[in-house]
Protein chains: 2
Amino acid sequence: MADEPTRSTFDRREEVLAAAAECFMRRGYDATTMDHVAETLGATKGRVYHHFTSKPELFFAVWRRAMELVFDAILPHATTDEPGGERLAAMARAHALCMMEKRPFQRTLARGVDLYRFGETSAENRAILQVLMDQRREYELLFRRVTQAGVDDGSLAVPDARVATRTLLGALNWVTIWYEPRPGETRADRERLAEQVVQTVLDGFRHLP
Amino acid sequence: MADEPTRSTFDRREEVLAAAAECFMRRGYDATTMDHVAETLGATKGRVYHHFTSKPELFFAVWRRAMELVFDAILPHATTDEPGGERLAAMARAHALCMMEKRPFQRTLARGVDLYRFGETSAENRAILQVLMDQRREYELLFRRVTQAGVDDGSLAVPDARVATRTLLGALNWVTIWYEPRPGETRADRERLAEQVVQTVLDGFRHLP
DNA sequence: GCGAGGACATACTCGCCAGTATGTGGGGGA
DNA sequence: TCCCCCACATACTGGCGAGTATGTCCTCGC
């Protein structure tokens, strides 16, 4: 009675999605079996296949969700009327925080290399792949434009905006690799960590106060 | 006659290793089949299994080689008598360059997540895994110590040396993801690119000249 | 020119995993 | 109260890929 009296169909599907993200994070796409996902749920394959028709579809759903999560996290900070440097810092903080708090999804997203193999399979998968790649590209472009805006308004200075953007995103995405949540950790702890990462990249190592 | 008159056994083994690195870079560990490696070589599985007894052994060999390559690249710059800031910059440049020039090996190394699954297999694999993980850790420690030296001698300033090191290595390792060699590209081109990446991280985005 | 072994190729086996076909409990609408 | 269908569980199949067993060529020492 106390536990989940009325969980909607939507929630049940979300549980499967979260379990899949967890598995994909830990083992990657190929090493993850549908039975692993089911086991993580405390269920059987039947449940997984009831909500998702195939393994690629499940993976794409995780990827898509991961994309939505970062986009939603940074978009509010991308279009303020602050100078480029401030906007970029806010976006970077939000991105880093998202890496930590949605780690299963975001690590799966970061290891996009897996996607290569879908290009060899069906035309349908290739089409989905194209859309996802375009979104990824759009996301990077968002950062590049804000960086360029910062250079233009004088709040930033980098050798090359394109290289700088990739460098920044690399540093931020890498968080999914080394970050591990600690027991008793609060949101403030994570925000502090995100701030440290962002400061390190944006202020640099040679910035002597 | 013109081609390869006397290739040693060593070279033949190296070819297999390079082909494996190429495959692991493109598809990751699990999606790579021994037949893929053979096909890349223009040979059959027989040749691969003649030089390496199993798929894990082949993977570990690639990983080990990748480790040797970066270590050899940065070690000469780690122990000079220059200030920490200079040393760290030189190490970072060498690391970035290595990411580009040994990309198949280095991307395989960077996606160390794959290793998780070996922990579940044989005790032998677990032991090898431990050694490799220790080396990886040692490598990171090398960067951290030089960073700390820079902070101590006043040539560097970061919020936290541990976080800074991971941030730096993230930005550098990410090169293996987005870098793609261009036809007609020279070593000087790559050095310039490496320098841009290193400058971006070490000088930061807000470093206004 | 010949025996042997190194460096592969060929032809299998066997287990695992994606996907499917079918069974089942239970809750809600009539 | 009965039925029906939703949300799974159970029980299969089929193919793919790691590993193996054996055959073959070619070279090198004698």
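Order of the sequence lines fixes the chain letters, A, B, ..., with proteins taken first and strands second; residue numbering starts at 1 for each chain.
A heavy-atom distance below 4.5 Å is found between the side chains of B:Leu141 and B:Arg145.
One finds the NE2 atom of B:His77 at 12.0 Å from the CD atom of B:Glu86 (value rounded to the nearest 0.5 Å). How far CE of A:Met100 is from CG of A:Asp189: 10.0 Å, rounded to the nearest 0.5 Å.
Between the CE atom of B:Met34 and the C1' atom of C:dT13 there is a distance of 17 Å, rounded to whole Å. Atom CZ of B:Phe52 and atom P of C:dA7 are 13 Å apart (whole Å).
In this structure, A:His36 and A:Thr53 both approach DNA chain C, and ranking their closest nucleotides by distance from the 5' end singles out A:His36.
Residue B:Ser54 is in sugar-phosphate contact alone, with no base atom involved, counting any heavy-atom pair closer than 4.0 Å across all strands shown. Looking at heavy-atom distances under 4.0 Å, A:Thr44 makes contact with a base.
For C:dA7, one of the phosphate oxygens OP1 or OP2 lies less than 4.0 angstrom from a side-chain nitrogen or oxygen of B:His50.
A donor-acceptor contact under 3.5 Å links the side chain of A:Lys45 to the base of C:dG19.
Of the candidate nucleotides D:dT20, D:dA9, C:dC8, C:dC8 has the atom nearest to the side chain of B:His51.
Counting non-hydrogen atoms of other residues, nucleotides and ligands closer than 6.0 Å to CD of B:Glu191 gives a total above 12.
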